[in-house]
Amino acid sequence: MGNVGRRDFLKTAAASVAAASLLASCQTKEGEPLSQKMGGVEDQLGIEWDKSVCRFCGTGCGVLVGRKNGKIVATKGDPECWSNKGLNCIKGYFLSKILYGRDRLTKPLIRKNGKLVESTWDEALDLIASKYSEILKTHGSDAVAMFGSGQWTIFEGYAALKFMKAGLGFIAKDGVGSNHLDPNARMCMASAVAAFMRTFQSDEPMGSYEDIEHADTFFTWGANMAEMHPVLFSRIIDTKMKNPDRVKIIDLGTQYTRVSEEADLYLEFQPQTDLAIANYFAHYIIKNKRYDKQFVEDHLVFKKGETNIGYGLKDGGADIPKTAGKMEKITFGEYKKFVAKYTAKHTSKISGVPEDKLKQAAEFISDPTRKVCSYWTMGFNQHTRGTWVNQLVYNIHLLTGKISKPGMGPFSLTGQPSACGTAREVGTFVHRLPADMVVKNEAHRKIAADIWKIPVEKINPKVGLHTIEMFRATETGRIKILWTQVTNPYHSMPNLNRFTKAAKEQDIFIIASDVYPTRTTEVADVVLPSAMWVEKEGAYGNAERRTQHWNKIADSPGEAKTEIWQMYEVAKRLKVDEKTTVADIIYNFNQDNYYEELWEEYRSFTLGIGKDLAPYKVLREKHGVVWPYVARDKAVNGKIDFSDVWDDIENTEPNGFTSVKWRYNSKYDPFAARFIKDHPERSFKDGIVFYKAKKNDYRATVLAVPYEPPGEVPDKEYPFWLCTGRVLEHWHTGTMTMRVPELRRVMPRAFVNFNPEDAKKYGINRGDLVRVTSRRGSVVFPADINGRAIPQKGSVFIPFFDESRMVNEITLDQYDPISKEPDYKKCAVKVEKV
Amino acid sequence: MVISSWVIHSSESLFDKIKTNLTAIPNIEITDEQDFKLAAVIETKSTAEAADLASHVRGMEGVNGLDIVSHFFEDETLDKKE
């Protein structure tokens with residue numbers, strides 16, 4: 001085909017998929033026929049298409065990947081994936097380019113005489129296995145840690161969980177596995193997890209992205225969705241454009257962003273005072289009798305939380321009271337009295353938000369005719385009171401009954417593509433097992449042991465060291481072997497210098513599995529080259545409970561291998577006795593298709609408990625499946641018969657399954673319908689039941705906790721707040737996006753962003769070099785003023801992607817005592833022009 | 001040659017102006033519209049040029065959002081012989 005003919009073909013193809021995307025936004029039901037499916041007219045150009053998922057952020061956009069002659073030649077937003085309805089953000093331009101950076105790791109490396117040198121796989125794996133054997137036999141499983149990722153595929157996370165929690169106990173001198181397994185998702189959404197568990201006794205949101213099309217009022221709390229979750233923000237804008245007079249966006253934040261620009265109302269608050277504002281909204285709702293009396297009576301329980309719970313600033317959490325997570329039952333009247341002190345005047349004084357703006361926002365959120373959705377991300381989660389602030393927003397939705405219904409609900413957005421699927425659902429945390437189960441619970445350990453076919457004694461009942469304490473334990477020599485996979489902690493940890501120093505000076509053996517050289521590979525003793533994204537079969541679980549599977553589409557370079565293969569090969573070298581290896585016990589799968597066996601074993605944890613995942617064959621076929629994916633018949637799901645309630649459920653599929661878009665609502669959720677039928681005393685007019693909250697008589701918890709300041713606040717010596725975060729072009733520590741020349745050209749280095757008035761006061765102009773100093777160190781950044789975002793007076797913003805000037809050398813390792821998630825959004829710094 | 005397509009989200013008041021301004025850019029062809037959204041096809045020499053153009057359009061007054069729908073970059077990936 002000639003170039004002109006090909007051009008015309010491609011243009012026709014591009015135009016037709018764009019037109020289909022315009023139409024897709026009008027569709028109201030997932031699964032409706034689409035004019036553009038996987039292929040299209042461009043099939044005639046010899047392009048083969050397969051489905052995948054975007055590698056960045058937690059939105060979980062479906063992507064169609066086009067391959068020709070074994071190479072990726074095209075990508076399209078997947079119109080059959082309901083998370084993004086055929087749209088990708090600008091990062092979609094560079095998705096495939098992240099595979100092709102010039103310095104991809106292609107061979108294993110071993111540190112010899114201080115330098116990393118190439119080795120064979122056998123040499124690297126033998127060395128790793130010998131270290132594991134030696135340390136486990138000498139020191140036991142307490143000396144062994146793994147730091148994983150919300151970018152792990154679900155398969156990888158599950159394999160790692162088995163390696164640590166089931167496998168190592170067979171050779172450790174103490175005879176138990178290690179729970180020192182935490183994902184970088186600890187730094188991303190652990191606060192959301194803790195709050196979901198404390199409120200509903202089940203993790204993850206009740207609603208879905210589909211709420212965006214049903215809602216008319218959007219509250220964004222410290223979330224710059226326009227740049228960090230652009231496709232979802234496009235959906236919000238789309239909803240607003242269809243009904244501009246009715247639909248309102250209310251943005252609450254500590255800096256003015258593109259979301260603020262599009263908002264109908266912007267509330268700029270002092271860092272950490274979101275706690276006071278949320279309590280004010282609750283007060284306003286009760287005072288003005290805007291609460292849903294029936295919902296309160298039927299579905300809620302009120303509790304008071306412990307206060308003055310510390311900041312985790314002392315090693316081992318010595319400044320955290322043992323009762324930090326305690327909640328005591330109170331009455332509605334006591335709760336009403338508690339929030340009554342958060343008047344508009346008092347809240348304005350704490351937060352800096354004018355009283356009239358507080359009242360306007362409260363009016364929108366409490367208006368009984370409005371369908372309200374609340375969105376947040378790291379602003380809430382990376383917060384020394386992150387669990388509290390998550391719960392305080394649930395309070396608002398619970399008091400008004402705006403929850404578990406289309407267009408209404410609180411929604412924690414995630415920052416990584418599988419923070420939900422791999423970290424939360426698989427349970428790759430120090431305290432967890434799959435499907436919300438915990439190691440402390442004997443019955444849970446028994447379930448896991450039965451599925452894994454190991455003695456229950458092999459599963460360690462003691463909760464492991466969470467991320468911050470795990471890295472602090474590298475300073476003391478307690479942790480002697482650390483394997484990092486798909487993550488870069490020696491760039492992303494707060495108060496970084498102390499941990500990097502420990503890695504260099506302590507006797508600790510570090511293994512880093514990654515795709516590019518990073519700050520972590522720099523301190524590693526062994527570096528293993530990994531396959532990434534579509535170079536391997538995988539599955540991610542996104543923020544709306546959607547599991548998405550993809551096949552291997554491209555080859556990995558050189559000798560790069562998957563993390564599953566790496567763990568299997570190490571497990572194969574760990575001998576339990578003459579005849580048996582750890583791999584024989586934990587990875588005893590048919591090696592021709594171990595993905596299916598791994599998946600089905602993992603899936604068995606989830607069935608019949610409202611966390612039900614789709615079968616492997618369904619996942620391969622569909623463009624994402626939202627869980628719980630419930631089978632009507634007991635013969636299929638193996639646990640519960642839903643046939644007598646099935647006809648009342650909306651959105652059921654002809655195959656006898658349904659994907660639940662709104663949990664706890666018996667109109668959509670068969671578990672809620674089943675529960676109500678079996679417990680008529682919990683049957684109410686609205687059809688809602690929080691059936692997982694057994695400990696609270698199936699009621700959701702409304703929590704009374706106050707505003708408390710963070711662990712470090714500006715003072716005379718360090719007068720500025722420091723907030724860190726991402727930028728549109730770069731993702732996390734920049735290991736992938738800094739390899740894309742176009743992105744590097746647009747955003748080559750980190751900067752310190754000033755409020756224009758502060759810049760004027762300090763005589764700082766755009767581009768000036770500025771030394772930013774905290775009690776932990778100094779880093780020099782070029783100044784930015786009037787950039788895309790405007791920090792409030794008295795605060796600066798610095799992105800963390802740039803390994804040449806790492807802001808985490810000056811951040812503070814304070815954390816939420818309940819969720820153990822660090823706060824990267826607040827510490828005190830001073831600035832001086834260099 | 002790199003061919004891509006976008007959906008551009010416009011404000012209601014500036015929709016006509018944005019359309020006119022986009023039409024004036026030689027690489028951009030408006031192919032469809034609905035609910036103050038425009039579908040456009042973009043022809044550039046490289047992905048970098050396409051991305052720069054997307055950033056430029058994203059920054060235009062009245063543009064509320066820009067999403068990528070498709071991206072064909074065969075010439076950047078395959079050798080000419082292929």
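Note that these values count all heavy atoms, side chains included, but never hydrogens, waters or copies made by symmetry. None of the values given here were measured: they were computed from a predicted structure. The sequence lines fix the lettering, A, B, ..., with proteins before strands; numbering per chain opens at 1.
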Kindly compute the distance separating NZ (Lys76(A)) from OG (Ser5(B)), expressed to the nearest 0.5 Å.
9.0 Å
Can you tell me how far the CG atom of Leu10(A) sits from the CE atom of Met1(B), to the nearest 0.5 Å?
5.5 Å
Counting heavy-atom pairs under 4.5 Å with chain A, which one of Asp67(B), Thr47(B), Val2(B), Val7(B) comes out on top?
Asp67(B)
If you measure from NZ on Lys242(A) to CG on Asp35(B), what distance do you get to the nearest 0.5 Å?
5.5 Å
Phe94(A): what forms a ring pair (Phe, Tyr, Trp, His ring centres under 6.0 Å) with it, not counting sequence neighbours?
none
Between Lys97(A) and chain B, with a heavy-atom cut-off of 4.5 Å, which part of the residue counts as in contact: side chain, backbone, both or neither?
side chain
So which of Leu743(A), Ile237(A), Val740(A) has the largest heavy-atom pair count under 4.5 angstrom toward chain B?
Ile237(A)
Output the distance between atom CD (Glu742(A)) and atom OG (Ser55(B)), rounded to the nearest 0.5 Å.
11.0 Å
If I take atom CD from residue Glu12(B) and atom CE from residue Met241(A), how far apart are they, to the nearest 0.5 angstrom?
5.5 Å
Between Ser96(A) and Phe73(B), the two heavy atoms sitting closest are OG-CZ, 3.3 Å
Could you look at Val746(A) and say if it's the side chain, the backbone, both or neither that has a heavy atom under 4.5 Å from chain B?
side chain
What are the two closest non-hydrogen atoms of Trp6(B) and Ala18(A), and how far apart are they?
O-CB, 4.1 Å
For Glu29(B), is it the side chain, the backbone, both or neither that has a heavy atom under 4.5 Å from a heavy atom of chain A?
side chain
Work out which heavy atom in Ile3(B) is nearest to a heavy atom in Ala14(A); give both atom names and the distance.
CG2-CB, 3.9 Å
Ring pair (Phe, Tyr, Trp, His ring centres under 6.0 Å) partners of His9(B), counting only residues at least two apart:
none
Non-hydrogen atoms of chain B under 4.5 Å away: do they reach the side chain of Ile72(A), the backbone, both or neither?
both
Contact origin within Ser70(B) toward chain A - heavy atom pairs under 4.5 Å
both
I need the Ile68(B) CD1 to Ile90(A) CD1 distance, nearest 0.5 Å.
5.5 Å
So for Arg258(A), is it side chain, backbone, both, or neither that comes closer than 4.5 Å to the heavy atoms of chain B?
side chain
Check whether Pro244(A) gets within reach of chain B through its side chain, its backbone, both or neither, counting any heavy atom under 4.5 Å.
side chain
Run the side-chain contact (heavy atoms from CB on, under 4.5 Å) check on Asp52(B) and Arg745(A) step by step: do they pass?
CA-CA 10 Å; Asp52(B) 285 348; Arg745(A) 184 167 50 81; 3.3 Å; yes
Using the rule given for salt bridge (Lys or Arg N to Asp or Glu O under 4.0 Å), can you reason through Lys71(A) versus Glu74(B), listing the C-alpha separation, both sets of side-chain angles and the distance that settles it, and then say yes or no?
CA-CA 9 Å; Lys71(A) 290 183 178 170; Glu74(B) 188 175 313; over 6 Å; no
Give the member of Leu66(B), Ile42(B), Val69(B), Asp32(B) that has the highest number of heavy-atom pairs under 4.5 Å with chain A.
Val69(B)
